[in-house]
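Read the structure below first, then the notes.
Side chains are part of it too, since the values below use all heavy atoms of this structure and drop only hydrogens, waters and symmetry mates.
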Amino acid sequence: MTSPEHEIKDFGMDVFSTLGRGVDYNDGDIAIISDIERVSHVGPARGNMYTLVTCGGGHLAVLVAGSRYDLGQGDVLFCVPGAIVEVLERSDDLRGAVLCITNRLVMGMLGGSISVWSRALYVDGKVLYHIGGESVDGLLLYAGIMERKLSEASQPYQREIVQSILRAILFEMCRFMVAGTRPSGDYRVCQAKVIFGKFIDKLASERMKKRPVYYYADALYITPKYLTVVCKEVSGKTASDWIEEYLAEDISFYLRNTSKSMKEICEILNFPNVSFFGKYVRQHFGMTPTDYRNSV
């Protein structure tokens with residue numbers, strides 16, 4: 001049984017608002033902590049966002065989803081949403097930063113390249129990257145620009161500027177992700193990852209997201225039940241969860257980045273009518289489509 005001091009905590013974006021000066025930036029979709037020491041004492045936690053841990057010096061040992069990872073200078077560790085993370089060891093000279101991003105924003109920033117991200121983290125299971133000195137210098141340039149922008153008093157478009165810099169960082173990381181990893185020796189696990197990868201590719205390529213799981217299962221020549229089992233096994237989320245997340249990102253894009261009418265968006269995204277679309281948005285975004293469009 002887990003002792004009280006080691007109870008697993010659910011860790012979301014809302015937690016960062018309670019950390020006060022420990023957080024350099026938090027807008028509900030992104031949280032930046034420039035000094036890793038500020039959160040290295042947190043006990044076992046399950047995050048609901050992507051967490052990127054960078055090590056600029058010293059040593060950090062982390063347990064993620066039951067696997068141990070040792071980070072040294074120039075290493076970047078990705079913790080996927082839902083994974084239980086625990087710091088095992090840290091050296092006194094530890095230097096690094098932590099970046100947390102919601103899944104919705106990652107999909108919005110990467111667009112069609114999200115399949116690269118999903119394949120690397122879920123299919124190949126490649127979550128630890130040694131990016132090397134030259135690449136670290138490049139990321140530090142981005143970090144320097146970001147630090148300068150964050151040190152300024154609140155300015156118009158500050159959030160958009162920060163997100164643009166982060167988008168560049170994410171694409172930099174995608175460059176490392178495209179490098180292949182050795183396939184698993186377990187045939188069943190390998191097959192599941194291949195199926196999941198094809199599902200993600202199909203889902204990402206669909207302009208009009210079909211919500212029924214059977215649509216994607218038929219395209220892969222498997223049953224909906226098996227597709228759901230595969231998705232749960234590989235990623236911890238069901239096929240329906242993935243479809244809903246991709247659909248939510250499409251809705252967010254059309255409401256925030258276009259002037260299309262609600263009727264036009266309904267037609268593009270295959271909603272039966274505007275009333276159903278409004279109900280769906282209120283259920284998943286907590287507000288009406290118009291309110292969400294105006295909540296920049």
Side-chain angles (χ1 to χ4, degrees), residues 11 16 22-26 30-42 45 47 49-81 83-101 103 105-106 109-110 113-114 116-151 162-184:
F11 206 79
F16 293 107
V23 181
D24 297 280
Y25 180 82
N26 175 27
I30 304 167
I32 302 170
I33 301 169
S34 61
D35 184 358
I36 195 173
E37 182 64 24
R38 298 170 187 166
V39 292
S40 63
H41 301 280
V42 175
M49 61 269 176
Y50 287 103
T51 302
L52 283 66
V53 181
T54 62
C55 183
H59 170 257
L60 177 68
V62 184
L63 191 68
V64 181
S67 297
R68 175 179 171 131
Y69 298 94
D70 289 275
L71 284 70
Q73 185 177 14
D75 286 341
V76 179
L77 176 68
F78 288 74
C79 304
V80 301
I84 298 174
V85 181
E86 181 178 5
V87 174
L88 300 177
E89 301 170 6
R90 57 183 179 276
S91 63
D92 293 336
D93 60 343
L94 176 64
R95 292 185 297 106
V98 178
L99 169 64
C100 297
I101 318 176
N103 184 55
L105 188 61
V106 168
M109 287 182 168
L110 294 181
S113 297
I114 187 64
V116 172
W117 180 279
S118 297
R119 275 183 173 274
L121 300 183
Y122 292 106
V123 180
D124 295 328
K126 178 68 173 175
V127 297
L128 179 61
Y129 295 82
H130 182 70
I131 64 175
E134 191 172 314
S135 296
V136 168
D137 290 341
L139 290 180
L140 287 176
L141 289 176
Y142 287 118
I145 297 172
M146 189 179 302
E147 184 177 1
R148 178 178 174 181
K149 291 300 177 183
L150 292 176
S151 66
V162 170
Q163 289 191 1
S164 296
I165 298 171
L166 285 176
R167 186 168 185 261
I169 291 174
L170 294 184
F171 275 110
E172 289 283 359
M173 292 310 306
C174 282
R175 290 197 304 127
F176 296 98
M177 289 177 168
V178 295
T181 57
R182 290 182 297 175
S184 168

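With L99 as the fixed residue, the side chain to side chain contact (heavy atoms under 4.5 Å, CB included) test singles out one of T51, I33, L52: L52.
For D93, the CG atom sits in a packed shell: over 12 heavy atoms of surrounding residues, nucleotides or ligands are nearer than 6.0 Å.
Closest approach of G58 and S91 over heavy atoms only: CA-OG, 3.4 Å.
Once rounded to the nearest 0.5 Å, the distance linking CD1 of I131 with CD of Q73 reads 10.5 Å. The structure places CG of L71 at 7.5 Å from NE2 of H59, a figure rounded to the nearest 0.5 Å. Once rounded to the nearest 0.5 Å, the distance linking CE of M173 with CG of L110 reads 11.5 Å. We find the CZ-CD distance between R167 and E172 to be 12.5 Å, quoted to the nearest 0.5 Å. Considering OG of S164 and CD1 of I169, their distance stands at 11.0 Å, rounded to 0.5 Å.
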ask   = So L170 and I101, side-chain contact (heavy atoms from CB on, under 4.5 Å) or not? Walk me through it.
value = CA-CA 10 Å; L170 294 184; I101 318 176; 3.8 Å; yes
R90/L60 under side-chain contact (heavy atoms from CB on, under 4.5 Å): CA gap, chis, key distance, verdict = CA-CA 4 Å; R90 57 183 179 276; L60 177 68; 4.0 Å; yes
request  = May I have the step-by-step check of side-chain contact (heavy atoms from CB on, under 4.5 Å) for F78 and M177, ending in yes or no?
outcome  = CA-CA 11 Å; F78 288 74; M177 289 177 168; 3.7 Å; yes
request  = Go through V127 and V64 one step at a time and tell me if the side-chain contact (heavy atoms from CB on, under 4.5 Å) criterion holds.
outcome  = CA-CA 10 Å; V127 297; V64 181; 6.0 Å; no
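For the pair D70 and R68, the salt-bridge criterion is met [side-chain N within less than 4.0 Å of a carboxylate O].
At a threshold of 4.5 Å between non-hydrogen side-chain atoms, the residues L121 and Y50 count as touching.
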